[in-house]
There are 2 protein chains.
Amino acid sequence: MASRQSPPASEELPRPLGRPRATGGVPIGSPRDEIVAAAGRLFADRGYAQVTMSDIARAAGLQQSSLYYWFRKKELVLQATFAVNRVPLEFINRIGARSGSPALKLYRLVRFDTLQLCRSPCDVNELERLAEGQPDLFATFWEDRQRLHDWIVTLVGAAIEEGQFVPCDPDLVALSLLSFDEGIQKRFRHQLQHGPDGANAFRHQPRAAEELAEFAAGTMLRALLKRPGDLARLQRQAATCGDD
Amino acid sequence: MASRQSPPASEELPRPLGRPRATGGVPIGSPRDEIVAAAGRLFADRGYAQVTMSDIARAAGLQQSSLYYWFRKKELVLQATFAVNRVPLEFINRIGARSGSPALKLYRLVRFDTLQLCRSPCDVNELERLAEGQPDLFATFWEDRQRLHDWIVTLVGAAIEEGQFVPCDPDLVALSLLSFDEGIQKRFRHQLQHGPDGANAFRHQPRAAEELAEFAAGTMLRALLKRPGDLARLQRQAATCGDD
DNA sequence: ACAACTTTCAATGGCTCATCGATTGCGGAC
DNA sequence: GTCCGCAATCGATGAGCCATTGAAAGTTGT
């Protein structure tokens, strides 16, 4: 068990169990969820490394040490904030069996993944850095990633088979796609922190997450398609899907 | 001044100035360079965050507190390890004025940048994360990055003008190229840490830095070229350049 | 009334970055 | 020679953060 779970959150305020909080406040729903929500906001504002357990505790109305009742380690809080909207695999299941060319599926996947990364509480690189160090704690994370990779490999292989894609190494392509998405997400986040008036740091045009996602998918697909002219049709098809 | 500089390193061992070291050892060349070298090795092995100032000090034959004579902050040590081989701008200057189509220059730049990132002591994301937090300390880093970005914008603009590239937003393309390079570098590093027999974590085929760099440049250029068929010629041209 | 359980707290330890003033040896001024 | 200043290092110390531990304060069931 990675960390303690909350009971089903009984919408009421019927004097929760356990010792009352020093602040006097009581949790509205599940304490665990409140911690995750508060942490998510803080991570988004300042980035994981800049947020201390005391910060999270304060934002959640607890003392620092009380957090460790719900999460054994700080990393697990981050993991939880990502689990909230980490759903690329759900997406695979949704469109995996459905009809559509491999190329279209790939377009939608790249677009979806980029978008979803941009909307996560903080840079996925932070998560990955921690996951590197403790593969056991983050076993699920790596399994998910592996499945994502494998699915891309399959898709690309099929597209090559059908003659839709230029011949290339599916494994390498999968690698590149995932890299690209994360890279784009990083840029998106960067521009958020240093607003358009930011004097310091690197400057470029501000972009909406949706625009970046569409561009990422378009770029990658154009590089892969045997007839790049087909991209326009692909994009029209994808436009009607409205994944989100 | 970010940190103290060493005198010109007088190849001899003529009793260096200052209080002798507790270990008895004397610096071979410039103490500063030895620190940077030692830190670079440690960073490459374990990653920046996993290396303490005490580790670096020990590896360099000093006490922890002595490091602060040469570097005011830990971040500055990392900065120095990157400065050693941070030379993308030198590359620009070298091929900037030379002949060759914008597309070829871009190909070479992407290839070079990817390669150079793969060979850096540790994940450039670490550096960027720190640079985000203290733009003043890392002003040069951001300026360099800005120049790189601007140069790409210029190149892409020229290529579009000449009809070599498909019409697109140069700023967005520059963004993507830089993102892509860093993403690829990250994958490269990942595979280094978890060797082919690594049970945990995400698995994919091991790749040489050169292969990845070539692939990155090829992919991106294919996405940009109006006639993707031109890529082969571009790659032949680039092959004779042998940047490195 | 009492025992068991849940949740919180205060106190504390250890690790790391960073600062400070003291210390050691060299070289030049006189 | 002796003394002063400088360069480079050291040891001690403090502050901040993660994490552990045992006690405390409620509720619920018997």
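Each chain gets a letter, A, B and so on, in the order its sequence line appears, and its residues count up from 1.
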Using a distance-only criterion (donor-acceptor N/O pair, under 3.5 Å, no hydrogens), is the base of C:dA18 paired with the side chain of B:Gln64? yes
If the cut-off is 4.0 Å, is B:Lys74 near the phosphate of C:dT16, judged by side-chain N/O to OP1 or OP2? no
Aromatic A:Tyr48 / basic A:Lys74 pairing, under 6.0 angstrom, 45° off normal: yes
Q) Taking only N and O in the side chain of B:Arg19, is any of them less than 4.0 Å away from OP1 or OP2 of C:dT23? A) no
Does A:Gln50 reach a base, just sugar-phosphate, or nothing at all? Heavy atoms under 4.0 Å. nothing
When rounded to whole Å, the CZ to P distance for the pair A:Phe71 and D:dC18 reads 15 Å
**Q.** OP1 or OP2 of C:dT19 under 4.0 Å from side-chain N/O of B:Tyr68
**A.** no
* Asked: Checking only heavy atoms, does the side chain of A:Ser65 share a donor-acceptor pair with the base of C:dA10 at less than 3.5 Å?
  -> yes
Assign each of B:Gly18 and B:Ala49 the nucleotide of DNA chain C bearing its closest heavy atom; nearer the 5' end lies the nucleotide of B:Ala49
Any A:Tyr69 side-chain nitrogen or oxygen under 4.0 Å from OP1 or OP2 of C:dT7
yes
(message) Students often get this wrong, so: under 4.0 angstrom with heavy atoms, is B:Val51 touching a base, only sugar-phosphate, or nothing?
(response) sugar-phosphate
Rounded to whole Å, CZ of B:Arg21 lies from C1' of D:dA7 at a distance of 13 Å
Give a yes/no on whether any side-chain N or O of B:Ser66 is located under 4.0 angstrom from OP1 or OP2 of D:dC10. yes
